[in-house]
Protein chains: 2
Amino acid sequence: MFDRCIYFNTTALARQLDRVWTAAFAPFDLTPPQGFMLRAVLARPGLLQSELADELKIARATTTRGLDGLEAKGLIVRTKSSGDKRESLITPTAAALEIKDALNAASAAVTQRLSGLFGAEVFAGFVDQAKAIAAKLE
Amino acid sequence: MFDRCIYFNTTALARQLDRVWTAAFAPFDLTPPQGFMLRAVLARPGLLQSELADELKIARATTTRGLDGLEAKGLIVRTKSSGDKRESLITPTAAALEIKDALNAASAAVTQRLSGLFGAEVFAGFVDQAKAIAAKLE
DNA sequence: TCATAATAGTTGCATATCTAACCACTGGAG
DNA sequence: CTCCAGTGGTTAGATATGCAACTATTATGA
C-alpha cells in the first residue's frame with residue numbers, strides 16, 4: 001500500500017533488522033541498542049556521554065537511560081570528569097571487556113550472513129545510501 | 001563507528017525520517033504511525049484488524065493500541081463482524097474522510113521533496129532495495 | 001457430538017525513543 | 001566580580017513497539 005514510501009519501508013526494515021540483532025545479542029543478554037552502545041564504549045573508552053550520543057545518533061536523554069541499563073548490568077561505569085564537573089566519562093568494566101570480542105564477532109557474523117544473502121555489493125551500496133540520505137537530512 | 005552496519009544506519013535513518021513525517025503530520029495532530037494507520041484505513045475501509053496489521057507490518061498488539069488512539073480521536077470505528085464474532089472491521093469516520101485528501105497530499109509532498117533532494121532515481125532505487133531486503137528477511 | 005487446536009483481538013510487561021523542562025556548572029561581557 | 005547565556009546531564013511525560021499470556025470464538029477430527 002505504501003510501496004513507494006521511504007518512511008514506511010525504512011521503518012519496516014528497521015523493525016525486521018531489530019529482530020535479527022535481537023537474536024544475535026541474546027546470548028549476551030543485551031538488546032540491540034544496549035549492544036551497540038556497549039560496543040561504542042568498548043571501542044572508545046573514556047568517551048564523554050554527549051560524544052556517545054553523537055556517535056550513536058540518539059538524543060542525550062536516551063543515552064542517559066541506555067547507560068543506566070548498562071551500569072545496572074555492571075558493564076560500564078560513569079566517572080565525573082576531573083576538569084569540567086558537569087561531564088561524565090564512560091568506561092567499560094572488566095566484565096564488558098570480557099565479552100568485547102565475542103560481541104563484535106556476533107555482530108560481524110550477522111553482517112556477513114546478510115551480506116551474503118543480498119550480495120556484498122548490493123548490501124554495501126544500500127548501507128552507503130542509507131548513510132548518505134541520513135547525512136542530507138541533518 | 002558503525003559505518004558499514006546495516007542495522008545501525010537503517011535505524012538511524014528511520015529516526016530521522018520519523019522527524020520529517022512528524023512535522024508533515026503535525027497539522028493533523030497525528031504522529032507518523034497514527035497517520036499511516038489512518039491512511040491505510042482510509043484506503044481500504046472495512047479492513048479486518050489482522051489485515052491492517054499485515055498491511056502495516058506491525059504486530060497485532062501494536063495495531064490494537066494504534067486503533068485505540070485513533071478511536072479516541074474519533075477518526076475510526078470498530079464494528080464486530082456479523083459472521084465471525086472474533087473479528088473487528090475498521091472503518092473511518094466522517095471526520096477522517098474530511099482530512100483524507102489533505103493527509104495523503106502532505107505525505108506526497110514530503111516524498112516529492114525528498115525525491116528531489118536525492119534524485120528521483122536514487123530515491124526510488126533505495127526504497128525498492130529496502131523493500132527487497134525486508135522481503136528476504138521474512 | 002465433544003474435546004482439542006487454531007485464530008482474532010486484548011492486556012501486561014519491558015524497552016527505546018523523543019521533546020521539554022530542569023539542575024548544576026562554566027565562561028564571558030560588562 | 002557578577003550576572004547571564006550556554007552546556008552536560010537528568011527527569012518527566014508521551015508514544016511506539018514487541019513478546020507472551022490471556023479470553024472468546026471458530027474449526028477440526030475422532
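A, B, ... follow the sequence lines: proteins, then strands. Residue 1 opens every chain. Both backbone and side-chain heavy atoms feed into the values below; hydrogens, waters and symmetry mates do not.
Between the C1' atom of D:dT17 and the CG atom of B:Asp68 lies a distance of 14 Å, rounded to the nearest Å. Atom CG in B:Leu47 sits about 10 Å away from atom P in C:dG9, given to the nearest Å. A:Lys57 has its NZ atom 18 Å from the C1' atom of C:dA16, to the nearest Å. Taking atom CZ of residue A:Arg86 and atom C1' of nucleotide D:dG8, one finds them 6 Å apart after rounding to whole Å. Note: NZ (B:Lys85) to C1' (D:dT25) measures 9 Å, nearest angstrom. Residue A:Asp18 contributes atom CG, which lies 9 Å from atom P of D:dC19 at whole-angstrom precision. Between the P atom of D:dT17 and the CZ atom of A:Arg19 lies a distance of 11 Å, rounded to the nearest Å. Distance CZ (B:Phe25) to C1' (D:dA16): 15 Å, rounded to an integer number of Å.
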Could I get a table of every N or O pair under 3.5 Å where one atom is in the protein and the other is in nucleotides 2-4 of chain D?
none

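Under 4.0 angstrom from either OP1 or OP2 of D:dT17 there lies no side-chain N or O belonging to B:Arg65. Contact between the side-chain N/O atoms of A:Thr31 and the OP1/OP2 oxygens of C:dA16 is found at a separation under 4.0 Å. One finds a side-chain N or O of B:Arg15 lying less than 4.0 angstrom from the OP1 or OP2 phosphate oxygen of C:dC18. Between A:Arg78 and D:dT10, a side-chain N or O to OP1/OP2 separation shorter than 4.0 Å is present.
The B:Asp84 side chain lies nearest to D:dT25 when the options are D:dT25, D:dT17, C:dA16. The A:Ile58 side chain lies nearest to C:dC18 when the options are D:dG6, C:dC18, D:dT10.
A:Ser50 comes within 4.0 angstrom of the backbone, heavy atoms only, and of no base. Residue B:Ala61 is classed as a base contact, given a heavy-atom separation below 4.0 Å to a base. The residue A:Thr64 sits close to a base: some heavy atom pair falls under 4.0 Å.
Within a 6.0 Å radius of NZ in A:Lys73, more than 12 heavy atoms belonging to other residues, nucleotides or ligands are found. Dense packing is recorded around CD of A:Glu71, with more than 12 heavy atoms of other residues, nucleotides or ligands lying under 6.0 Å away. For A:Arg44, the CZ atom sits in a loose shell: 12 or fewer heavy atoms of surrounding residues, nucleotides or ligands are nearer than 6.0 Å.
Judged by closest nucleotide on DNA chain D, A:Glu87 is the one of A:Thr62 and A:Glu87 placed further toward the 5' end.
At a threshold of 4.5 Å between non-hydrogen side-chain atoms, the residues A:Val41 and A:Leu47 do not count as touching. Side-chain contact between A:Thr111 and A:Trp21: present, with at least one pair of heavy atoms (C-beta onward) separated by less than 4.5 Å.
Separating the CG atom in A:Asp3 from the CG atom in B:Asp128 is a distance of 8.5 Å, to the nearest 0.5 Å.
On a pure distance criterion of 3.5 Å, a polar donor-acceptor pair joins the side chain of B:Arg60 and the base of C:dG9.
The only option from B:Asp68, B:Thr91, B:Thr64 that meets the side chain to side chain donor-acceptor pair (under 3.5 Å) definition with B:Arg78 turns out to be B:Asp68.
If you check the side chains of B:Gln112 and B:Ser115, you find no donor sitting under 3.5 Å from an acceptor.
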